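Worksheet: the structure to be examined is printed underneath.
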Amino acid sequence: MLTRMPYILDGSQPAPALSAADRILAAIRAVPRGHVAGYGVVARRAGLPGRARMVARLLGAHSGTCLPWHRILRSDGRIAFPPGSEGYLEQIRRLRAEGVEVRNGRVRMPAAEDLLDAEIWRPD
DNA sequence: AGTATGACTCATC
DNA sequence: AGATGAGCCATAC
């Protein structure tokens, strides 16, 4: 990729803007191990407030690729898949594997959005 | 171009 | 806590 845009290295030209999808993907990848985030939160972090559904769609589209998809939950902390479904069970398995407590398909969501978080993620 | 469909969210009851 | 309805946005047909 860099060979296609060598100017990135010397800053002689501004880096091309990331697409909405790429920003969402980045926001998903940035959720640390053992943590979770809501679809809406991810969208907001990607600079796309109100587009939770786009986050969901992307996750589906990229299923099978290397993404921490299991760390993304509904705003109320519940798993988005139908209870008992394969995805549901797999998500619980993965969350528990990294130390997240899951009870009845539900996870305790991070309180509000801490300010540090908002600061770090403010889209430039 | 119009409609249906979601790994959604919010207000309300 | 669960149910419901409206709002939302990108895709698929």
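Residue numbers begin at 1 in each chain, while the letters A, B, ... track the order of the sequences. Since we're looking at a predicted model, the values are computed, not measured.
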Mind checking what makes side chain to side chain contact (heavy atoms under 4.5 Å, CB included) contact with A/S75, not counting sequence neighbours?
none
Taking side chain to side chain contact (heavy atoms under 4.5 Å, CB included) as the definition, give me every residue that meets it alongside A/A97, ordered by chain and number, with sequence neighbours left out.
none
With sequence neighbours left out, what residues match A/R108 under side chain to side chain donor-acceptor pair (under 3.5 Å)?
none
Which donor-acceptor pairs under 3.5 Å do side chains of residues 28-41 of chain A form with protein atoms, sequence neighbours excluded?
none

By salt bridge (Lys or Arg N to Asp or Glu O under 4.0 Å) - contacts of A/R106 (at least two apart):
none
With sequence neighbours left out, write down each residue that passes salt bridge (Lys or Arg N to Asp or Glu O under 4.0 Å) with A/R78, or none if nothing qualifies.
A/D76
Would you name the heavy atoms of A/L89 and A/G84 that are closest together and state the gap between them?
CD1-O, 3.6 Å
Encode nucleotides 4-13 of chain B as B, S and - characters from 5' to 3', where the letter depends on protein heavy atoms closer than 4.0 Å: B to the base, S only to sugar-phosphate, - to neither.
--BBBSS---
Residue pairs meeting side-chain hydrogen bond (donor to acceptor under 3.5 Å, both in side chains), one or both in residues 57-70 of chain A, sequence neighbours left out, come to A/H70-A/E98
Where does the chain A footprint on DNA chain C start and end, counting 5' to 3' with a 4.0 Å heavy-atom cut-off?
C/dA1 to C/dT11
Could you measure between the two P atoms, the one in B/dA7 and the one in C/dG7, and give it in whole Å?
22 Å
